[in-house]
Enquirer: 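Input: one structure, supplied below.
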Amino acid sequence: VSDSIPVTVPISSRKIISFVLLSSSDVVAVDTKGIVIEIDTKNLAERVVGNLKHENISDAVLSPSGNSVVYSFYNAENSKTSSYLNFKNGESFDITGEVRSAAFSPDGGQFAYLTTNKDGGELLVSKGINTTERVLKTRIDVAVVSWQSNISLISYGKDGYGDLFVVKDNTLNKIVSSKYGLNV
């Protein structure tokens with residue numbers, strides 16, 4: 001029996017900002033230049049599968065299937081802008097407001113995102129280019145959105161303590177209050 005640490009092999013020199021594991025050996029990833037790659041970890045190979053057509057990508061969230069992405073980038077005026085792109089059908093659109101956090105549904109067919117604008121925060125769910133529904137307005141503007149069986153939000157205070165909320169019937173219900181180190 002060996003107690004040695006497995007060898008780590010760098011697959012890419014890219015600066016990956018988001019990835020999703022499709023199988024035990026296949027990964028889809030997005031780099032800071034907006035290049036979307038599929039990585040075959042078994043054969044140590046990568047292949048470009050998409051391009052977000054923007055550079056200066058600051059964050060990205062891939063769908064569980066790796067077919068679509070919600071991403072933010074800095075435009076020519078150095079303002080943060082967010083967009084959605086489906087690699088499979090080419091559907092894309094800009095998202096209004098500043099996206100604070102986003103998460104895809106478990107099947108990847110929808111995504112929820114928390115935005116802030118001059119009127120406060122909103123939690124929205126989108127099924128595509130023409131079907132975005134406001135789930136609720138909220139004063140929470142800094143939170144991590146997660147979507148397992150339900151949409152949930154974790155709101156953090158400056159002291160490291162967080163509150164866990166679950167969205168049910170377009171209502172925000174607090175499940176856990178003031179828990180240190182709370183995580184999705």
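Bear in mind the structure is a predicted one, so any value in this text is a computation, not a measurement.
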Enquirer: Looking at Ser68, is its backbone amide N or carbonyl O close enough to the side chain of Ser63 to form a donor-acceptor pair, meaning the two atoms are under 3.5 Å apart?
Expert: yes
Enquirer: Are Val61 and Phe87 grouped together when hydrophobic residues (ILVMFWY) are joined by side-chain heavy atoms under 4.5 angstrom apart?
Expert: no
Enquirer: Minimum heavy-atom separation for Asn170 and Glu133, please, with both atom names.
Expert: ND2-OE2, 3.9 Å
Enquirer: Evaluate whether atom NZ of Lys137 has more than 12 neighbouring non-hydrogen atoms of other residues, nucleotides or ligands under 6.0 angstrom away.
Expert: yes
Enquirer: Is Leu164 close to Ser152 at the side-chain level, that is, under 4.5 Å between some pair of heavy atoms?
Expert: yes
Enquirer: Could you give all pairs that pass the salt bridge (Lys or Arg N to Asp or Glu O under 4.0 Å) test and reach residues 69-82, with sequence neighbours left out?
Expert: Asp59-Lys80
Enquirer: If hydrophobic clusters are built by linking Ile, Leu, Val, Met, Phe, Trp and Tyr wherever their side-chain heavy atoms come under 4.5 Å apart, do Ile175 and Tyr161 end up in the same one?
Expert: no
Enquirer: Taking Val144 as the starting point, is it possible to reach Val176 by hopping between hydrophobic residues whose side chains are less than 4.5 Å apart?
Expert: yes
Enquirer: Going by heavy atoms in the side chains, are Thr96 and Thr115 under 4.5 Å from each other?
Expert: no
Enquirer: Any side-chain heavy atom of Asn78 sitting closer than 4.5 Å to one from Asn56?
Expert: no
Enquirer: Quick check on the hydrophobic clustering: are Ile57 and Val48 connected, directly or via other members, by side-chain heavy-atom contacts under 4.5 Å?
Expert: no
Enquirer: Ignoring hydrogens and angles, state whether a donor on the side chain of Ser105 or Asp107 is under 3.5 Å from an acceptor on the partner side chain.
Expert: yes
Enquirer: So which atom in Ser126 and which in Thr132 form the shortest heavy-atom distance, rounded to 0.1 Å?
Expert: OG-OG1, 3.3 Å
Enquirer: Applying ring-ring contact (aromatic ring centres under 6.0 Å, His included), can you list everything that pairs with Phe73, at least two apart in sequence or on another chain?
Expert: His54, Tyr71
Enquirer: Considering non-hydrogen atoms only, spot the tightest contact between Ala29 and Ile39 and give its length.
Expert: CB-CD1, 4.4 Å
Enquirer: Mark yes or no for whether Asp94, through its side chain, and Ser83, through its backbone, hold a donor-acceptor pair below 3.5 Å.
Expert: no
Enquirer: At their closest point, which heavy atom of Ala143 faces which heavy atom of Ser101, and how far apart are they?
Expert: O-CB, 3.1 Å
Enquirer: Taking it one step at a time, do Ile95 and Phe111 satisfy side chain to side chain contact (heavy atoms under 4.5 Å, CB included)?
Expert: CA-CA 12 Å; Ile95 298 172; Phe111 64 95; 4.2 Å; yes
Enquirer: Which class fits the ring pair Tyr84 and Phe104: parallel under 30°, tilted 30 to 60°, perpendicular over 60°?
Expert: tilted
Enquirer: Looking only at heavy atoms, what is the nearest atom pair of Ala60 and Val69, with distance?
Expert: CB-CG2, 3.9 Å
Enquirer: Which atom names give the shortest non-hydrogen contact between Leu182 and Tyr156, and what distance separates them?
Expert: O-OH, 2.9 Å
Enquirer: Are Ile16 and Leu21 linked, directly or through other ILVMFWY residues, by side chains that come within less than 4.5 angstrom of each other?
Expert: yes
Enquirer: Among all residues two or more places apart in sequence or in another chain, which pass the salt bridge (charged side-chain N to carboxylate O under 4.0 Å, His left out) test with Glu38?
Expert: Arg47
